[in-house]
Every structure is written in C-alpha cells, then in structure tokens.
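Down below is the structure, laid out as structure tokens.
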Number of protein chains: 2
Amino acid sequence: MDTRERLIESTRELLWERGYVGTSPKAIQARSGAGQGSMYHHFHGKPDLALAAISRSAEELRDRAETAFAGSGTVVERVAAYLRLERDALKGCPVGRLTQDPDVMADPDLRAPIAEVFAWLTGRLAGLLAEGRTSGELDDKLDPAATAAALVAALQGGYVLARAAGSAEVYAQAIDGALGLLACHAR
Amino acid sequence: MDTRERLIESTRELLWERGYVGTSPKAIQARSGAGQGSMYHHFHGKPDLALAAISRSAEELRDRAETAFAGSGTVVERVAAYLRLERDALKGCPVGRLTQDPDVMADPDLRAPIAEVFAWLTGRLAGLLAEGRTSGELDDKLDPAATAAALVAALQGGYVLARAAGSAEVYAQAIDGALGLLACHAR
DNA sequence: GTCTATACACGGATAGAC
DNA sequence: GTCTATCCGTGTATAGAC
C-alpha cells in the first residue's frame, strides 16, 4: 500500500473512531506512518483528505448494501439479509456517525457523499418494498418510502442504542424488532 | 439566571450543536457571558461542567417522555404521542448525539447518564407494549423488548437521516413508517 | 465571585532543504 | 516525495489580584 493509500485508510479509521472534529492531521500522520510533508504533498489539507476518506466509505457502504439487495430470495429475505449483515455495533456506522459532526455538515463538499448514499439507500429499499407489494408478497397497507426510512433509521439508531448501553445486544434487538414489525406485513 | 446556571445552559446548547470534542471552554465562556475565572470558580473544568449539562439534558429527555407515556389513551396512542412529540429533527437528539463522541464514551462519569436514560426509555416503552399485549390491544407475536428497541432506534436514526438529507421530511417519514409497522400489530 | 496574566501543548498549515 | 523548521491561533487550564 503506498503512502497516499495509507493516508486515506488511516483517515477512514480515525473518522470512524473519533469523527472529523476529533481527528487531527498529527494523528493521521502517526497512524499512517506518513510525515507532515508527505501528507501535505498528497492532499491540500484536512478537508481534502477527509473528502477522499468519506467518499470511499460511502462507496463501500453502497456496495455492501447492493450486494445484499441484489441477492436471491424474497423481498423480505433480501431486506433481512441487508439488515443482518455483519457489523460492529459498538463502533457505529462509519458514514452515519459523520452526520453528527458540525464541521462535516457545514462543508457542502464533505456532506455531499453522505447525503447521496443515504438518499440512494432509502430509495433503493423503498423500490424493493414497492416491488414486494406489487408481487403480492407484502400487503397494500405498507408505505414503501416511509417503511424504508424507518428500517434504515432503525439500523442507524441501533448503533446509538448499542453505544449508549456499551453492548451490541440492543443493536441486535432493534434489528430483530424492525424485522418483526416488517414480517407482520408479509402475506 | 445566575452565572452558574448560564454556564450549564450554554454548555447544553453547545454540546447539542457541536458535541463534546467540538466544544471549548472559550466557546462556553463567550456564549454564557462568563469569564475564564468565573467558569473555573463554579466548575473544576470542562468534564465537570459537561457532566452537569449532560445530566440535565438526560433528565429533561426522561421527563418529556414520561409525560407522553403517562398520558391518556391506548398504548399505541401513547407510544405515538411520544414519537410525535415536537422535535427539531435537523438538530438531532441532544442526548443521543453524544454517543458519537469518543471523549464522552471514554469517560464513565459522562457516559453514565446517557446509558441510564436510554436503558430507562427502552425499558419503559417495552413495559407499555407488554401491557398492550396483556390487555389484548396488541397481538401476541409482538416482542415488547425488541419492538421497544426498534422504535427508539427509529427515532434516533430518523435524526441521522434528516441531518444527512438536510431535511426534516425524512425524519417524519421514519416515524410514520415505524408507527405504520406498529399499527399492523394492533387488533 | 470575577478579572487579568501567564503557561504550554496541540491544531492546522506553509516554506524550503534534500 | 519526504523531511525538518517554523508559524500563529486555540484548547485547557493555573495563579494571583481585586
């Protein structure tokens, strides 16, 4: 892995662990093993490097989700496959957590990949649910867009509960609960 | 409002807007109108002041929730009343957002009030749902604990989606979706 | 109780040598 | 490309005067 790559990966880790405000150039340099000069040679500064890191994390999130959504099985099975992907509940979502970062939200460039991937995710999920309704797998009372938002929110909120409790168990419960509620709409 | 009080309230606002890592003593002093000396006279330092602020925010969250839960109506109505309390979706949850703060999570004192209030909240909600099941208002397939976790998570995650999108609409959708799913279990 | 002065490390970056 | 030197403001306090 070359220096530029190590800088991006180290930044991704640090943004995940400490957020944007909590991540200093010095910490990035220490973790990546790159010097001051190196970092500013490859990137214009902290925001530039963060943009590369955030974009990649958003892309990864999308790819993982699409893999689950595009799998085989019924709609409910594919939604469940996505919600049950392996995740470290205590670490939180590497993308979602950045929505709490004031400096990220204040910078339209940094914010864009986050806005985009969540819009895509809820839209994709809503499409799946609509498909399930059309095929008769899900009943007509289910609102695809609202339900998609609720499911993604339950996932993101599951992280919050897990971190608050210091235990991954609540996360699993939230996912179970969300799927249990969804199951009720299956025919 | 005396100086001590202004310090706590200003800290609550700043923690809400910028988190713990993003909030400096200097910013607190500026917002509260208190001087350096004043702040360190009333509190031992940033963590001490933050503890007072976080505890109060947690308490406020609990009181608002309890008011909704203890209201009149069916269980589903009271849960809906809680989920539909007026909130500024774009600001996020003043307590939940702190779970993303590495320095808060690393300090057991700061973390305790957050852990406590979320444990109480999910427990209280689970109790209500169990009550609804016993009374026959909700069907037996509903798992009270898991459903309670999912509902609280949907709320917390709704904030994440709203901030990502820069719009409160997704928050409302997530809440609607969560209640729509719950409605399905009502007899 | 509040103010000013002082301290020292860190955040975030630029400049220029190699 | 990478390193070292340097810069200035901020973060987080402590000390002592009023």
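Letters go in sequence order (proteins before strands), and every chain restarts at 1. Scope of the values below: all heavy atoms of this structure, side chains included, with no hydrogens, waters or symmetry mates.
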Distance-only, no hydrogens or angles: does the R97(B) side chain make a donor-acceptor pair with backbone N or O of W16(B) under 3.5 Å?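 A pair under 3.5 Å: yes.
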Find the distance [X]:[atom1] to [N]:[atom2] and express it as a whole number of Å.
X: F43(B); N: dG1(C); atom1: CZ; atom2: P; value: 13 Å
X: D103(B); N: dG11(D); atom1: CG; atom2: C1'; value: 12 Å
X: Q36(A); N: dG16(C); atom1: CD; atom2: C1'; value: 14 Å
X: R6(B); N: dG1(C); atom1: CZ; atom2: P; value: 14 Å
X: H42(A); N: dT14(C); atom1: NE2; atom2: C1'; value: 17 Å
X: M39(B); N: dA13(D); atom1: CE; atom2: P; value: 7 Å
X: Q29(B); N: dT2(C); atom1: CD; atom2: C1'; value: 12 Å
X: L14(A); N: dG11(C); atom1: CG; atom2: P; value: 12 Å

Kindly work out whether a path of hydrophobic side-chain contacts (I/L/V/M/F/W/Y, heavy atoms less than 4.5 Å apart) joins L138(B) to L151(B). yes
Counting heavy atoms from C-beta on, name the nucleotide in dC3(C), dT10(D), dC3(D) closest to the side chain of S38(A). dC3(D)
Regarding R111(B) and the six-membered ring of F118(B), is the cationic atom NZ or CZ under 6.0 Å from the ring centre and inside 45° of its axis? no
Does a side-chain N or O from [X] land closer than 4.0 Å to OP1 or OP2 of [N], or not?
X: K46(B); N: dT12(D); result: yes
X: H44(B); N: dA13(D); result: no
X: S24(A); N: dG12(C); result: no
X: H41(A); N: dC3(D); result: no

Check every strand shown and say whether G35(B) touches a base, only sugar-phosphate, or nothing at a heavy-atom separation below 4.0 Å.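 Sugar-phosphate, backbone atoms only, no base.
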Is the closest side-chain heavy-atom distance between E60(B) and V95(B) below 4.5 Å? no
With the threshold set at 4.0 Å, does a side-chain nitrogen-carboxylate oxygen contact exist between R84(B) and D176(B)?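 D176(B) and R84(B): salt-bridged.
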